[in-house]
Undergrad: 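One structure, pasted below without further comment.
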Amino acid sequence: PPPVQEKIEPVKPEEKKVIPQVPKERLPKPIGKFIASLPDYSNPETRAALEKYGPFVYNSPITEEDKLLEEKGPFEFENGAIYIGQWNKEGFRKGKGKQIWPDGSIYEGYWENEQANGKGRLIHADGDVYEGDWLDDKAHGQGTYTHSDGAVYTCLLYTSPSPRDLSTSRMPSSA
């Protein structure tokens with residue numbers, strides 16, 4: 001008999017995944033400060049990737065909760081990473097936002113619980129790009145990883161061990 005194949009349903013871009021809320025008293029407050037202007041941390045590889053892929057497309061429907069978020073930035077963390085985007089009233093990153101690191105890496109996408117959660121794109125300092133699902137600052141779910149040499153992998157990634165794991169993509173550093 002032929003082998004049994006598991007059917008994996010793709011995530012529809014217009015659907016917004018529900019990320020469990022962490023109680024605000026358990027979230028560490030961001031440590032850093034708002035700064036007057038955004039430094040240019042880009043490098044030739046990240047500039048080339050941005051030119052090739054264009055701006056990140058936010059495609060989740062806007063909710064009533066999203067309308068309460070405040071656009072702020074740039075905010076510089078102790079590690080030099082800078083965030084520009086939406087914040088909730090408690091002072092945490094939530095909603096749409098972009099974070100850049102001193103090495104030139106750029107994440108743009110959705111935030112929840114002070115971490116990349118939902119759809120997003122990470123352009124690594126070397127020009128490699130992962131675009132897809134994120135969970136707690138890790139590539140998790142359906143996405144596409146494109147190496148700067150042109151190799152493309154469309155895959156499912158999981159943060160816990162799974163026989164379907166193909167690779168992992170992590171944020172450059174916690175912030």
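Numbering starts at 1 and runs along the sequence shown.
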Undergrad: How are the rings of Tyr145 and His124 set relative to one another: parallel (under 30°), tilted (30 to 60°) or perpendicular (over 60°)?
TA: tilted
Undergrad: Check whether any side-chain heavy atom of Val129 sits under 4.5 Å from a side-chain heavy atom of Leu122, and report yes or no.
TA: no
Undergrad: Who pairs with Tyr41 by ring pair (Phe, Tyr, Trp, His ring centres under 6.0 Å), at least two apart in sequence or on another chain?
TA: none
Undergrad: To the nearest 0.5 angstrom, please state how far the CD1 atom of Ile84 sits from the NZ atom of Lys72.
TA: 14.0 Å
Undergrad: Distance alone, cut at 3.5 Å: any donor-acceptor contact between the side chains of Arg93 and Gln99?
TA: yes
Undergrad: Partners of Asp149 by side chain to side chain donor-acceptor pair (under 3.5 Å), sequence neighbours excluded?
TA: none
Undergrad: Answer with yes or no whether the hydrophobic clustering places Ile106 together with Ile82; edges join I, L, V, M, F, W, Y residues whose side-chain heavy atoms lie under 4.5 Å apart.
TA: yes
Undergrad: State, with a plain yes or no, whether a side-chain heavy atom of Asn117 is found less than 4.5 Å away from one of Leu135.
TA: yes
Undergrad: Would you call Lys94 and Glu65 a side-chain contact if the rule is heavy atoms closer than 4.5 Å?
TA: yes
Undergrad: Can you measure from OG (Ser148) to CD1 (Ile123) and round to the nearest 0.5 angstrom?
TA: 12.0 Å
Undergrad: Is a side-chain donor or acceptor of Thr144 paired with a backbone partner of Thr154 at a separation under 3.5 angstrom?
TA: no
Undergrad: Would you say that Ile100 contacts Leu38 through its side chain, given a criterion of any heavy-atom pair below 4.5 Å between the two side chains?
TA: yes
Undergrad: Find out if a path of hydrophobic residues (ILVMFWY) with successive side-chain heavy-atom gaps under 4.5 Å connects Trp111 to Phe77.
TA: yes
Undergrad: Does NZ or CZ of Arg121 lie under 6.0 Å from the centre of the six-membered ring of Tyr130, at an angle within 45° of the ring axis?
TA: no
Undergrad: When you measure from the centre of the six-membered ring of Tyr58, is the NZ or CZ of Lys96 under 6.0 Å away and within 45° of the axis?
TA: yes
Undergrad: Gln142 and Leu156: which non-hydrogen atoms are nearest, and at how many Å?
TA: CA-CD2, 3.7 Å
Undergrad: Tell me if the centroids of the rings in Trp134 and Tyr110 come within less than 6.0 Å of each other.
TA: no
Undergrad: Test Asp133 against Lys119 for side-chain contact (heavy atoms from CB on, under 4.5 Å), laying out the working first.
TA: CA-CA 5 Å; Asp133 297 331; Lys119 295 287 184 193; 2.7 Å; yes
Undergrad: As an exercise, state the distance from CG of Asn88 to CG of Asn113, rounded to the nearest 0.5 Å.
TA: 9.5 Å
Undergrad: Begin from the C-alpha positions of Thr146 and Asp128 and carry the test side-chain contact (heavy atoms from CB on, under 4.5 Å) through to its verdict.
TA: CA-CA 6 Å; Thr146 306; Asp128 287 0; over 6 Å; no
Undergrad: What residues, two or more places apart in sequence or in another chain, satisfy ring pair (Phe, Tyr, Trp, His ring centres under 6.0 Å) together with Tyr153?
TA: His147
Undergrad: Check the pair Ile62, Lys67 against side-chain contact (heavy atoms from CB on, under 4.5 Å), reporting the backbone distance first and the verdict last.
TA: CA-CA 7 Å; Ile62 297 172; Lys67 294 176 184 177; 4.0 Å; yes
Undergrad: Would you confirm whether the ring centroid of Tyr83 sits within less than 6.0 angstrom of the ring centroid of Phe75?
TA: no
Undergrad: Answer yes or no for Lys29 and Phe92: cation-pi contact, defined as NZ/CZ to six-membered ring centre under 6.0 Å and angle to ring axis within 45°.
TA: yes
Undergrad: Taking the six-membered ring for Trp and the full ring for Phe, Tyr or His, determine whether the centres of Trp101 and Tyr107 are under 6.0 Å apart.
TA: no
Undergrad: To the nearest 0.5 Å, how far apart are CD in Glu76 and CD1 in Ile31?
TA: 13.5 Å
Undergrad: Quick check for you: to the nearest 0.5 Å, what is the distance between Leu50 atom CG and Ser42 atom OG?
TA: 8.0 Å
Undergrad: Where do Gly127 and Ala49 come nearest, in terms of heavy atoms and distance?
TA: O-CB, 4.1 Å
Undergrad: Is the backbone of Asp103 close enough, under 3.5 Å, to the side chain of Asn43 for a donor and an acceptor to pair up by distance?
TA: yes
Undergrad: Identify the heavy atoms of Pro102 and Ala81 that sit nearest to each other, and give their distance.
TA: CD-N, 4.0 Å
